[in-house]
Every structure is written in C-alpha cells, then in structure tokens.
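Below: one structure, written as structure tokens.
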Amino acid sequence: MLTDITLGQFFPGNSPIHRMDARVKIVLLFFYIVAVFLFDNNLNYAIMTGGAVILVLMSGLPVNMVLKSVKPLWWIILFSFLMHIFSTPGESLVKLWLFDITGEGILKGFIISLRLVLLIVVSSLLMFTTSPLKLTDALESLMSPLKHIGFPAHELAMMMTIAMRFIPTLLEETDKIIKAQQSRGSNIGDGNFLERAKGMLPVLVPLFISAFRRADELSVAMEARCYRGGEERTRMKQQRVHQIDYIAAGVFIVFIAILVAVQVLWTA
Amino acid sequence: MSIELKNVSYTYMKKTPFEHLALDDITLTIPEGKITAIAGHTGSGKSTLIQHFNGLLKPDSGTVLVDGVDISSKKDEAKAARRQVGIAFQYPEHQLFEETIAEDIGFGPKNMGCSPEEIDRRVKYAMDFVSLDYDAYANRSPFQLSGGQKRRAAIAGILALKPKYLVLDEPTAGLDPKGRDSLMSRFLRLHKEEGTTIVLISHNMDDIAQYADNVIILNKGKLLLAASPAEAFAREDIISQAGLEMPEIKTILEQLKVNGLGIEATSYTMNDAVLEVLEGIRRQGKC
C-alpha cells in the first residue's frame, strides 16, 4: 500500500544518537565526511569504519535497515569498484582481453567502495535518527548567519517543513483516490505506456485539486494566525545543546585527533 | 447470498515501528437484501473493514466471500464478484475528475465495458436517482456544482455501476440536515425498489436506529457485536465500551422510565417510542 512508505526514513528511538541536538549531528557529520575524503591510509580507513559500526550499534537501529540504505547506490559503488580494478597500473594478476586486473586495483577499488559506503551509512544514520522537523529546524538555525546577507533562511526552512508535512497527507489522499477509482473499475497501471498515462488522469486531476484546496486553506489559516515570516519569531521547541552533545563533540575531536596522528606518523 | 468474512485480520505498515493491527480476527456476514450498519469509534477499523469487501485490501489472514466466491483469487469469477460491491468512500466528491458530469458518472460503466447506449442509459438513471436534472447538468463541469450537488454527482458515479451491494462510508458527513435526510431517503428508495443491499458506516446512532436491519459494532479492530438493533441497543455496556452513544430516542425513554413513567424503554424508532409512551400514559391513567 502506498501509505506504507516510511517517510524521510525517520526511525523513532531513544538512543544517545536520537537524543543529540540535530545541529550538532549535522556539523559532526560534515566533519566526518571531510575526514573520509581527507585521510587516505589503510589504518585510518579501519578506524573510520570502526567508528561508523559503533555509531550504528549505538543507534539501536536494525542493522539490515541501515545496510538497505546503501542499496539505491549499489550500482554506482559497483561501477567505481570495477573502474579502479581495471584502470590502476601495477602488477598484473589476471589479464582480461585488453585490461589488467592488478592487486593495487583491487585494493584501491575496495577502498573507494568503502568510502562511498561509509558516506551513505553515516549520512543515512542522521536521517534515521532525526525527525524531519528537527532536521529543518537545525538547517534553519545553521543557515541563519546567512540572513545578514539577505538569504531567506527561515522562509526556506518553512517551505521545506510544509512540503514535508504534506507528503504523508498527499500520499494518503492519492491512496484514497486510487481506491475510489479502482472501485469504479479503473485499471491503474495496466496496458501500454499511453494507456497507463491516461489511466493516471483520474488520479492526478482530483489530487491536484485537493492539493490546491489544501494550500489555499493552509495559507488562510496561517494568515489568520498573523504569520509573517522569520523576523523576531520564537519557537515552541527550542533547540538546546545538552551534556550529551558536548560528550559527543569531545569524543569526535579525540577521534579526529587519532586520525590526524595516524596520518602524520604514517607518512613521516 | 451474502458477503462473508472469515477470520479476517489486517495490519497496517507491517514490520515497521508504526505497525498497527487494524482488524483482528473478524468473522461476520452481511446478509443480502438488508441494511447493515457498521458503527464504531474513530480508528475502530470500519473503513479498513469495508475495503476488504471488494478486494481493495487483501486480508493478511482469513478469507472474504462475496456470494460464495473467494474474491482474492485471480479468476474472472472473482473479478465479477468484486464488481458486485460498490463503495462510496467518505467525501466521495473528492474523486470527481472528468470534464463533464455525465462523463464522470459514466466512468465506472465505461470501465466495465458497457456500450455507449448502455452508458448513457445508466448515467440518466443515476442522475435521475440523485435528482440531478440530466438536461441541465449533464454537460456541465462537476467543479461548478455546490458541495451537496457534488456529493450527489459522485454518488451517482457509484450507482451507475448498479452494484448489488452498496457500501456507504459516512455518506452524509458534512451535509446540512436537509441534505442528509434527502440523501438517506434516496438510499432507502434504492433499497426498496431495486433490492440493493446497503452497508452503512455511521457513528450517528440515530441514523442507525432509524434505518438498519442489522448492527455491527467494532472497537479497536475487534468485532464487539453483530445483532439486530433491538438487541444491540439493549446492550448499553457494549455500546459505551465502543465509545458510542445510545440513540437519542432511547435515552429520552430511559429518562421517562427513571422519572416514573411505567414503560420498558425498549423502542428506538420515533413511531415505536410514541406508541410506547402513549401506552405508558394510558396505563398510568387507569391506576
């Protein structure tokens, strides 16, 4: 069923990672991604992988669900793996037609794939443990310095919030309309491309009408509550940095320090 | 024949943290030729239940039989059986989409493969049934109609399917009292003239008392009671457990009884109640 889709991947829970402030999570994620691209020796990869595994275990999420988030990018990972296997110069292990598979290539391909997997897993961890609302609030707060140069941070965040708020509603509505038309014998998703496109019409027309109606109702409701954008607005849910965030930041700094130390000692 | 559900269970969003058991081992029969009311509090599983009647939802376990045919199979026989059941969802006017009212009402018959003449005949029949003048409205856009007219046009779209079982999910929600009465009297006429079996979802117990031959009460996905209105309204414990209220007439009679009028307070329709009260007064006069 359509409404069975889990939106924004948020998976409620009460782990330390769930309890962290979203802004801190985003900033730490940013530095982790930089680290993944910056440090390039094998021991550091092991350490970063270990860090990611610990995070996943701490979050209390079902491990296969986290791994599933890699699935959409599976082909890109495979492609870059193959590219490196065949294009890295070195001692040839097997010769396939024009291409050599080298030991260095396998290692490099593996490391590139690992990089991608780490990026996806850790970023999806942020999506899994942070509700979409908290995420947009955090983005707004992080973007707010840009307000001084006229960047509409609040408006942008509000638009994102509204869009996300209405995705489940519209999914539900779509589901309802599809069922209503199916009850009238409409065969949605049958036939060739043209027939299927035509079959979508009985769903899309009512959906658009209801979306416009909802948008209209919402704007009237906001207007009636005297909403007028970002200036001097306070919020019901204040974002606060707690002890847990300081601990997380501290642990993360140590983590980065180790990575730097390993990198320096290795290359020295 | 009838619609029969045997041990039907259904869970929303299986295997996620949002998992929710909407129907729990439901076994019931909707007898042909009767008006069956399904009542229950919001979230009791009423809407989920009716979506099983024509195969929109497939039960996780259990079977649904329409006229003795298991509708979950892929055979033509099952498809024909599913077509016997017409469902008008809540706020059916939200499903209007065609350029003209006649085309919208003809959408169902067209999907069923009716000939253009037959479609035309059915559109006229359905529009006549909901009192939309064919000559005046057939070629107008459904979006120009008033709220009540839209509702009637949308319901005509279901009636044009000529279903043997007509399932109505809160058909009068959001209508004014006059519109409510006129719509309900149309369904009643359909029931009497065509012998259409009607399944009515409502949490208005007055409506149920007035129209239903059978009452099914759901609570949190479980079947609490399936009985005649007389039996159902005698079980105040079950009605209040389901978060519903007794019909107003019955409540008034109960109050009269408590205040000393010698009646049993068993009636739940206007006529019976009047007779019962008169009888009570007559008896009291004699003493």
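If you're wondering where the values come from, they're calculated on a predicted model, not measured in any experiment. Below, chain A is the first sequence line, B the second, and so on; all start at residue 1.
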> Using a cut-off of under 4.5 Å for heavy-atom pairs, which of A:P12, A:A180, A:P202 has the most such pairs with chain B?
Replying inline: A:P202

>> Within the supplied structure, the quantity of interest is the number of heavy atoms (other residues, nucleotides, ligands) at a distance under 6.0 Å from B:F143 CZ; does it exceed 12?
In response: yes

>> I'd like to know whether OH of B:Y134 has more than 12 heavy-atom contacts from other residues, nucleotides or ligands below 6.0 angstrom.
In response: yes

> Sequence neighbours excluded, which residues qualify as salt bridge (Lys or Arg N to Asp or Glu O under 4.0 Å) partners of A:D245?
Replying inline: none

>> Suppose a student defines contact as a heavy atom less than 4.5 Å from any heavy atom of chain A. Which residues in residues 82-91 of chain B would they list?
In response: B:R83, B:I87, B:F89, B:Q90, B:Y91

>> Does any backbone or side-chain atom of A:S210 lie under 4.5 Å from a heavy atom of chain B? Answer side chain, backbone, both or neither.
In response: neither

> How long is the gap from CD on B:E98 to CG on A:L201, to the nearest 0.5 Å?
Replying inline: 7.5 Å

> What option among A:L204, A:L207, A:I209 has the most heavy-atom pairs under 4.5 Å with chain B?
Replying inline: A:I209

> In Å, rounded to the nearest 0.5 Å, how long is the span from NZ of B:K110 to OG of A:S186?
Replying inline: 10.5 Å

> Within a reach of under 6.0 Å around CD of A:E223, are more than 12 heavy atoms found that belong to other residues, nucleotides or ligands?
Replying inline: no

>> Let's go through B:L57 and A:K179 carefully: what are the C-alpha distance in whole Å and the side-chain angles of both, what is the deciding distance for side chain to side chain contact (heavy atoms under 4.5 Å, CB included) to 0.1 Å, and is it a yes or a no?
In response: CA-CA 9 Å; B:L57 292 179; A:K179 279 181 177 157; 3.6 Å; yes

> Looking at A:S183 and B:N54, what are the two nearest heavy atoms and their distance?
Replying inline: OG-ND2, 3.4 Å

> If you look at every heavy atom in A:R184 and B:L161, which pair is closest and at what distance?
Replying inline: CA-CD1, 4.0 Å

> Taking the side chain from A:Q181 and the backbone from B:Q95, do they hold a donor-acceptor pair closer than 3.5 Å?
Replying inline: yes

> Taking atom CD of B:E194 as the centre, does the number of heavy atoms from other residues, nucleotides or ligands within less than 6.0 Å exceed 12?
Replying inline: yes

> More than 12 heavy atoms of other residues, nucleotides or ligands under 6.0 Å from CD of B:Q144: is that the case?
Replying inline: yes

> Around atom CD of B:E77, are there more than 12 heavy atoms of other residues, nucleotides or ligands at under 6.0 Å?
Replying inline: no

